[in-house]
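Here is the structure we will look at, set down as structure tokens.
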Amino acid sequence: MELSTILQPECTTCATPGSKKKVLELISDLVAAQYPNLSSQEIFESLLAREKMGSTGIGNGIAIPHGKLSNIEQPIAIFIKCNEAIPFDAIDNKAVDLLFALLVPVDQCQQHLSTLSSMAEKLSDKQRLKQLRKTQDEAELYQVITQ
């Protein structure tokens, strides 16, 4: 699946959320603004429920928060570059500055795992990480992540 089919430019942002809770709220608000049929509270609760099972901080300054929603038909992705890294309980105990969030329909678990896996692989490319961290604005961030 092409990332650009599930990640809209409006769901790609540079921000200074300050905490894990605030960045999950930011993700929820970004999605709710683009998809009026979804409530930011419902999105936040889905992401938080997954985080309670274990942190989605995968190391190297990266987190991949994700959740399942019953009222969507297609996956929705969000990409955030934090201007200042935030504590995220990552497996390497390092703060996180790049987050790829994914919301999927409840009945698409296999596709969900495949998308998360391909994104983790994409974010393991050191050159791409350097490019992402050097981006100056949302348009450039979107261009680099969807290449």
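Note that the coordinates shown come from a computational prediction; the quantities given were computed from them, not determined experimentally.
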| query | Are the side chains of Leu47 and Thr56 in touch, meaning some heavy atoms are under 4.5 Å apart? | reply | no
In terms of heavy-atom contacts, Ile43 and Ala32 come closest through CD1-N, 4.0 Å
Item to complete: Would you check if the side chain of Tyr142 reaches a backbone N or O of Phe79 as a donor-acceptor pair within less than 3.5 Å?
Response: no
Taken to the nearest 0.5 Å, the spacing of Leu141 CG from Cys14 SG works out to 5.0 Å
| Side chain to side chain, Ile86 and Ser19, heavy atoms closer than 4.5 Å | no
Close side-chain approach of Asn71 to Glu42, heavy-atom, < 4.5 Å = yes
Stepwise side-chain contact (heavy atoms from CB on, under 4.5 Å) test for Val96 and Val23:
CA-CA 10 Å; Val96 165; Val23 80; over 6 Å; no
Interatomic distance, CD@Gln34 vs CG@Asp29, rounded to 0.5 Å, equals 12.0 Å
To the nearest 0.5 Å, atom CG of Leu123 lies from atom CG of Leu99 at 10.0 Å
If only atom types and distance count, is the side chain of Arg128 paired as donor or acceptor with the main-chain N or O of Val144 below 3.5 Å? yes
Taking every heavy atom of Ile58 against every heavy atom of Ile91, the minimum-distance pair comes out as O-CD1, 3.4 Å
Taken to the nearest 0.5 Å, the spacing of Glu73 CD from Asp107 CG works out to 9.0 Å
Q. When you measure from the side chain of Lys81 to the backbone N and O of Asp97, does any donor-acceptor pair fall under 3.5 Å?
A. no
Query - Within-4.5 Å side-chain heavy-atom neighbours: Ile72 and Tyr35 - result: no
Student check: side-chain heavy atoms of Ile62 and Leu129 closer than 4.5 Å: yes
Please determine whether residues Ile80 and Leu102 belong to a single hydrophobic cluster, defined as Ile, Leu, Val, Met, Phe, Trp and Tyr linked transitively by side-chain heavy-atom distances below 4.5 Å. no
Show the numbers, then the answer: is there a side-chain contact (heavy atoms from CB on, under 4.5 Å) between Leu38 and Ile76?
CA-CA 11 Å; Leu38 301 175; Ile76 300 169; 3.8 Å; yes
Taken to the nearest 0.5 Å, the spacing of Asp137 CG from Gln143 CD works out to 9.5 Å
Looking only at heavy atoms, the pair that brings Gln136 and Glu140 closest together is N-OE1, 2.9 Å
Backbone of Asp89 reached by a side-chain donor or acceptor of Lys20 within 3.5 Å:
no
Indicate whether any N or O donor in one side chain lies under 3.5 Å from an N or O acceptor in the other, for Gln131 and Gln127. no
In this structure, NE2 of His66 is separated from CG of Leu103 (nearest 0.5 Å) by 10.5 Å
Do we see a donor-acceptor contact under 3.5 Å between the side chains of Gln41 and Ser28? no
Correct closest heavy-atom pair for Ser46 and Gly67 would be OG-CA, 3.2 Å
In the structure I gave you, are the side-chain heavy atoms of Phe44 and Ile27 within less than 4.5 Å of one another anywhere? no
Next item on the list: Indicate yes or no: at least one non-hydrogen side-chain atom of Ile145 is less than 4.5 angstrom from one of Leu98.
Entry: no
Within the supplied structure, the quantity of interest is the number of heavy atoms (other residues, nucleotides, ligands) at a distance under 6.0 Å from Lys122 NZ; does it exceed 12? yes
Say whether, by atom type as modelled, one donor and one acceptor occur between the side chain of Glu84 and the main chain of Cys82 under 3.5 angstrom.
no
Between Gln8 and Ser4 the two heavy atoms that sit nearest each other are NE2-O, 4.0 Å
Sub-4.5 Å side-chain heavy-atom contact between Leu3 and Met119: yes
In terms of heavy-atom contacts, Pro87 and Ala95 come closest through N-CB, 4.2 Å
Legend entry - Transitive ILVMFWY side-chain link Leu48 to Leu30, under 4.5 Å: yes
* Asked: Are the side chain of Ser55 and the backbone of Gly57 linked by a donor-acceptor contact shorter than 3.5 Å?
  -> yes
